[in-house]
Structures are given as C-alpha cells and as structure tokens.
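Since the structure comes first, as structure tokens, the remarks are kept for the end.
Quick note: numbers below take in every heavy atom, side chains included, and nothing from hydrogens, waters or symmetry partners. Whatever order the structure lists them in is the order used to number ligands and atoms, beginning at 1.
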Amino acid sequence: MPTESPVLHERRDGYAVLTLNRPDRLNAFNEAQHLALRAALNECAKDDACRAVVLTGAGRGFCAGQDLFDRDPTILGENPDLGRTLETFYNPLILQLRNLEKPVICAVNGVAAGAGANIALACDIVIGAKSAKFIQAFSKIALIPDAGGTWWLTRHLGEARAKALALTAHPLSAEDAANWGLIWRAVDDEKLMDEVTALAEAFANGPTHAYALTKKAIHAASGNTLEEQLQVERRLQHEAGQSDNYKEGVAAFLAKRPAVFTGKKSR
Ligand code: LHQ
C-alpha cells in the first residue's frame, strides 16, 4: 500500500496546488483520495492566504474516475449502491469545487475519464495538455455520466455532442475540447504547468472577492431570465463596489500604477 498521501497539497505564495496522487491507477478515486481532496479544499476555502487553487494529477494521467476495484460487484459479492457513492463523495466534491470562493484552475495533464473528466469540468478554468483526452467512459461499463457530466456536456456543447460523447465514449482530444468550448485552452504538454502557474500567480494577486462574486453571477445565469440576471448583477455589483479592492483598483488605474489587491472580503 502507498504510504504517500493520495492528494499532495503544496502551499505556494498566494495559491495552492493539489495533485491527485494515485498514479498507478491513473489517479482513480478511492475513498481515501476523496477524503484527502475534501480536506485540502476545505483548508483552501478557509485560508485567506490561499487565493487560487490548481488541481492536477501525478504521473501520466489526470484522473480515471472511480477506482473500479473499489466498486466491483464481483469483489463485493453484490451490486453496490452507486447513488449512495455519488451522494456521499462525488456530489459534495463537485459542489465544493464549484462554490469555492476563489478561482480553481484544472491542469489536465493526461487522460481524464469517467468522473475524472467531469471533476475537471467542475473547475472554473480548464487547461489541457494537448496529449490529454476527455472520455465519458461510463457507457463502457453500463453506467451514465455522473459528477455533473450530463449537465456540463449539455450546457457547454448542446444535446447533439453531449449524447454522442456519452453514448459512444469517444475520446475527445484537448484541442477539440477547446475548439468546442468545453474547456478554456489546450497547450503543448511541456508548457502546461508554466501556463497554469502564471495564471495562478495572477489570480493570487487579484481581487479575490470580486472573483467569487463573478463565479456566483455566472453560475446563476443559466437558470435566470435576462431580467432576473440583471437583478443578480445589480446586487453583486453593489457588493463589489463597496470593497476596498474596488477603491484600490480605480485609484491604481487613475494613477497609472499596478493595483495591489487583497484576498480579504473587505467590508
Ligand atoms: C484503473 C482505472 C479505474 C481502477 C485505470 N479504476 N484502475 C461514480 C460512482 C460510483 C461508482 C462508479 O463510477 C462512478 C463514476 C465513474 O468514474 S465510472 C467510470 C470509471 N472509469 C472508467 O471506466 C475508466 C477506466 N479506465 C480506462 O478506460 C482506461 O484506463 C483509460 C482510457 C482511462 C486509460 O487507458 P490506458 O492509457 O490504456 O491505461 P490503462 O487502462 O492501462 O490503465 C493504467 C492502469 O490504471 C491500469 O492498471 P495496471 O495495473 O494494469 O497497470 C488500470 O487498471 C488502472 N486504471 N483506470 N477507473
């Protein structure tokens, strides 16, 4: 059994890098990995000094979804209750990533399959190495896409592409995923961590609370009419406009100097 933690938590200046760390199984999730990632994300949420999070994978893959050895009906002697697994582990993880009040960048360093693909898509900004693939592998084992898969695919791509990816388990290249609008960018493999680091450093010096409000507004948009969304923007912009960061941003702009933002909620 590995003695190393299933999630490596590196605290850098202003941001954290969380690395899924079960490379022999392409970082597939067992319960220990779920619990370790949950604890790391909770710490990131509470720590004002952590102003952005990077999620990536150790070894040649990003994440192969559920560790199927742990949910194998033959080993277990009966079919496990997968709804319960989702309720206990995956659904809280997806909401934790989505609702974290700071930007979450996913560096997809290699294959992202099953729930692994959909955990990547739950992050705010997804950058894939060109060699990475996104595979809705579920139909190969007679399951349906979970961890938000049916939601992300349908919202980002529409029904035609969502159904084709889910029903065929077609491996979508990072470049196609970027061209289709499923992820932000695909970059050369050797440039992935440099690009992600530069972005995380920029976020680590940015207006953290404004980022949180931006996430909130964009998440609200898909369920709202334009009139409702304009009200959401009015309410959240009011809040952003009361902050010291806004005062600093305007002062810096007018003085033609770089702004110095804080990670605090200020006011
Ligand atoms: C694995 C896995 C894996 C264990 C590779 N488990 N060992 C949620 C709720 C509850 C239950 C059910 O599911 C869910 C959500 C889900 O995520 S269901 C979908 C689960 N994931 C999959 O079906 C993907 C399974 N993996 C694959 O199809 C392939 O491994 C991919 C396409 C990801 C990569 O293929 P290759 O590059 O050819 O690598 P490989 O297949 O040789 O895998 C490398 C090793 O990793 C290998 O072990 P070994 O000891 O032979 O070297 C695999 O057994 C192990 N591994 N995925 N999910």
Side-chain angles (χ1 to χ4, degrees), residues 1-2 4-8 18-38 41 55-98 106-123 126 128-154 162-177 182-183 186 189 192:
M1 285 301 285
E4 223 177 350
S5 169
V7 175
L8 306 178
L18 308 182
T19 305
L20 305 177
N21 188 35
R22 303 184 71 234
D24 292 351
R25 301 241 171 126
L26 299 178
N27 305 315
F29 271 85
N30 62 4
E31 295 191 4
Q33 186 167 282
H34 270 291
L35 294 176
L37 183 57
R38 181 181 297 181
L41 287 168
L55 180 64
T56 192
R60 70 177 177 89
F62 170 68
C63 175
Q66 169 66 39
D67 186 323
L68 294 172
F69 289 102
D70 276 19
R71 290 294 181 277
D72 175 2
T74 308
I75 294 174
L76 295 169
E78 59 180 358
N79 282 32
D81 180 345
L82 300 187
R84 196 170 165 75
T85 303
L86 293 180
E87 189 182 356
T88 310
F89 295 107
Y90 288 89
N91 294 0
L93 170 60
I94 295 304
L95 295 177
Q96 202 181 11
L97 288 166
R98 189 133 163 112
C106 190
V108 184
N109 54 299
V111 68
N118 297 330
I119 287 166
L121 298 178
C123 299
V126 186
K130 281 187 183 162
S131 68
K133 292 193 178 354
F134 295 81
I135 312 176
Q136 298 292 326
F138 306 88
S139 61
K140 298 246 183 193
I141 52 170
L143 292 182
I144 70 158
D146 58 23
T150 56
W151 205 86
W152 317 123
L153 295 177
T154 309
K163 283 181 186 162
L165 289 175
L167 297 176
T168 66
H170 169 79
L172 188 68
S173 69
E175 275 180 294
D176 282 345
L182 188 63
I183 67 170
D189 288 25
L192 177 69

Q.
Do Gln66 and Asn30 pair up side chain to side chain, a donor and an acceptor below 3.5 Å, judged on atom types alone?
A.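 The criterion, which ignores hydrogens and geometry beyond distance, is not satisfied for Asn30 and Gln66.
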Are there any N/O pairs under 3.5 Å between ligand 1 and the protein, and if so, what are their distances?
| unit_1 | atom_1 | unit_2 | atom_2 | d |
| --- | --- | --- | --- | --- |
| ligand 1 | 6 (N) | Leu68 | N | 2.9 |
| ligand 1 | 17 (O) | Gln66 | N | 2.9 |
| ligand 1 | 17 (O) | Ala115 | N | 2.9 |
| ligand 1 | 21 (N) | Ala64 | O | 2.9 |
| ligand 1 | 37 (O) | Arg60 | NH1 | 2.9 |
| ligand 1 | 37 (O) | Arg60 | NH2 | 3.3 |
| ligand 1 | 39 (O) | Arg60 | NH2 | 3.0 |
| ligand 1 | 46 (O) | Asp24 | O | 3.4 |
| ligand 1 | 58 (N) | Ala64 | O | 3.1 |
| ligand 1 | 58 (N) | Gln66 | O | 2.8 |

Q: Please work out whether the ring planes of His34 and Phe29 are parallel, tilted or perpendicular, with thresholds of 30° and 60°.
A: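 Tilted, since the angle between the ring planes falls between 30° and 60°.
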Q.
Is any side-chain heavy atom of Cys63 closer than 4.5 Å to one of Leu20?
A.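 They are in side-chain contact.
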Q) Going by heavy atoms in the side chains, are Leu121 and Ile183 under 4.5 Å from each other? A)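 Of all side-chain heavy-atom pairs linking Ile183 with Leu121, at least one is under 4.5 Å.
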Q. Do Asn109 side-chain atoms and Ala129 backbone N/O form a donor-acceptor pair below 3.5 Å?
A.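 No, the answer is negative, given that no donor and acceptor are paired below the 3.5 Å cut-off.
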**Q.** Nearest heavy-atom neighbours spanning Ala28 and Gln33
**A.**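 Looks like O-NE2, 3.6 Å.
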